[in-house]
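The structure appears right after this line, and notes come after that.
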Number of protein chains: 2
Amino acid sequence: MKEGPDISQVAALIGDPARANILTALMDGRALTASELAGEAGVGLSTASGHLSKLTDGQLIRPRKQGRHKYFQLADDDVAGVLEALMGLAARRGATRVRTGPRDAQMQQARVCYNHLAGRMGVQMYRALLARGALAEQDDEVSLTDTGVVFATGFGIDIAALRDARAPLCRSCLDWSERRNHLAGSLGRAMLARMEETGWIRRVPGHRVIRVTARGERGFNEVFGG
Amino acid sequence: MKEGPDISQVAALIGDPARANILTALMDGRALTASELAGEAGVGLSTASGHLSKLTDGQLIRPRKQGRHKYFQLADDDVAGVLEALMGLAARRGATRVRTGPRDAQMQQARVCYNHLAGRMGVQMYRALLARGALAEQDDEVSLTDTGVVFATGFGIDIAALRDARAPLCRSCLDWSERRNHLAGSLGRAMLARMEETGWIRRVPGHRVIRVTARGERGFNEVFGG
DNA sequence: TTCATAGTTCGACCGTAACCGAAGCATTCA
DNA sequence: TGAATGCTTCGGTTACGGTCGAACTATGAA
């Protein structure tokens, strides 16, 4: 008597070692690129690509294209919940593994990403703007609220001028070191430019690293918390 | 690379269609013989035997020898919980089985989930118990309050006896059709058994569907609202 | 423009495991 | 004691799917 949903397809999807590794790697909520996931899974890029499209079709993960990178994250909390529950069952017979750490500290702190602020500082700014209601997020889209217009103007940015330009005002950009959103778009660019003008930061020529001045650190923390 | 237990083995175990059929058939908490399960799975007896020993090794099911029969049942509530959760994912993907008929509607209304009540009725009961302070939820854990002990006793359940058994008294289980918690654990089992004793419900033999009697409907609404 | 990097698709190879039937135990019943 | 039933094991076949490298597409950098 075959009743209820067919669990074998979903389970089989999770049941391949490479795919299970991919899903486990995504369990912390970060978004990783196809190449990184190939490394995590211990398979070649072409193999991983096949797995990723299967997982996407199965709605266990969700892809997000960004430039020439393609980031993947778990589809939603329910998926994470199922994985967690499966780990509970699997734990009854042991078999655990290890983990690796990150690298370039300076770049992770603050850097330029297509002319806007990225790294921990970029992510912190983005979250602060969300928290104070300056930005509104929905379905991977982000927009500037009325509150946000007031804030940006106070920060020294001419929003009306930015709106005149064809380029999108706000875009969320996935941070490669933090794996969280930061602010892109013409507003993101203007924010970074403004920080440079006011002497908060200094860009290292020929490199993406950003140096934060003492004044910049004070000011940044004051405005964006932290 | 990775951390946490290896979920791929357990998932692969569930991922085979024949084994998934076997596990699904056991979801109502009954113990079935190898021959019956072979029929459920749609494979030959020798094939089923192989699957059953794999599932046993994987601790998803538990065999019980009785004479020349060998009965199998799910290993415990956790296994049932994982299966329910997987059904939730599968249902969302639209991977329901071909057979959709009156029985599906009945299943969503009230069904057995490893010996406890699931479906809309199960969820409603759970929420009513929370609302009246009989159950307390925190961090995915659920426990019986003093108020709850009084209530359960009034319902005809010997809580002291349940506590003596090793099995956990209360446990929440995610309902695949409602996507909300319902009550599992030995109390959940006792509640269902009590409803059957008092003639509120009648289990359809060989199926997970539960039939609610007229008296049961009155009584249930009276006690659990709605 | 040209070059480099990220990812996808294709083709071929190969291993695992699902499957069945037949023979082999084990248990119960006559 | 045999005969019947329930299940397991074995051997052989088959097919599905995971794997890689190479060719191809798309995007960004110089």
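Per chain, numbering begins at 1; letters A, B, ... match sequence-line order. Just the heavy atoms: all of them, side chains too, but no hydrogens, waters or symmetry mates, feed the values below.
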Original post:
How many angstroms lie between CG in L23(A) and CE in M87(A), if you round to the nearest 0.5 Å?
Top reply: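 Separation between the atoms: 9.0 Å.
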**OP:** Could you grab the distance from atom OG1 of T147(A) to atom CZ of R132(A), nearest 0.5 Å is fine?
**Re:**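 That separation rounds to 9.5 Å.
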**OP:** For side-chain contact (heavy atoms from CB on, under 4.5 Å), just list the numbers for L55(A) and R19(A), CA-CA rounded to whole Å, side-chain angles, deciding distance to a tenth of an Å, and then say yes or no.
**Re:** CA-CA 8 Å; L55(A) 289 171; R19(A) 287 193 294 261; 3.9 Å; yes
**OP:** Take atom CD of E217(A) as the centre, draw a 6.0 Å sphere, and report whether it contains more than 12 heavy atoms from other residues, nucleotides or ligands.
**Re:**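 No.
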Rounded to the nearest Å, what distance is computed from the [atom1] atom of residue [X] to the [atom2] atom of nucleotide [N]?
X: K65(B); N: dC25(C); atom1: NZ; atom2: C1'; value: 10 Å
X: L55(A); N: dG17(D); atom1: CG; atom2: P; value: 14 Å
X: L32(B); N: dC7(D); atom1: CG; atom2: P; value: 11 Å
X: E36(A); N: dT5(C); atom1: CD; atom2: P; value: 16 Å
X: D16(B); N: dG17(D); atom1: CG; atom2: C1'; value: 13 Å
X: I61(A); N: dG7(C); atom1: CD1; atom2: P; value: 12 Å
X: L13(A); N: dC16(D); atom1: CG; atom2: P; value: 18 Å
X: R64(A); N: dG7(C); atom1: CZ; atom2: C1'; value: 18 Å

Original post:
Would you say dA18(C) has OP1 or OP2 under 4.0 Å from some side-chain N or O of K54(B)?
Top reply: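 Indeed, a polar side-chain atom of K54(B) lies that close.
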Original post:
Is there a donor-acceptor pair closer than 3.5 Å between any side-chain N or O of D146(A) and the backbone N or O of V149(A)?
Top reply: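 No.
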**OP:** Please list residues of residues 69-76 of chain B whose heavy atoms come under 4.0 Å from any atom in DNA chain C, ordered by number; otherwise none.
**Re:**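 By residue number: none to list.
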**OP:** Go through residues 44-52 of chain B and report each residue with a non-hydrogen atom lying under 4.0 Å from DNA chain C, sorted by number.
**Re:**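 Hits under 4.0 Å, by residue number: G44(B), S46(B), T47(B), H51(B).
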Original post:
NA contact type, T33(B), heavy-atom cut-off 4.0 Å: base, sugar-phosphate, or nothing?
Top reply: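 Sugar-phosphate contact only.
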Can we say [X] and [Y] salt-bridge, meaning some charged N sits less than 4.0 Å from an Asp/Glu carboxylate O?
X: K54(A); Y: D16(A); answer: no
X: D76(A); Y: R92(B); answer: yes
X: R171(B); Y: E84(B); answer: no

Table please: side-chain donor-acceptor pairs of residues 186-195 of chain B below 3.5 Å, with sequence neighbours left out.
unit_1  : atom_1 : unit_2  : atom_2 : d
S186(B) : OG     : P168(B) : O      : 3.3
R189(B) : NH2    : D77(B)  : OD1    : 3.2
R189(B) : NH2    : D77(B)  : OD2    : 3.3
R194(B) : NE     : F155(B) : O      : 2.9
R194(B) : NH1    : E197(B) : OE1    : 2.7

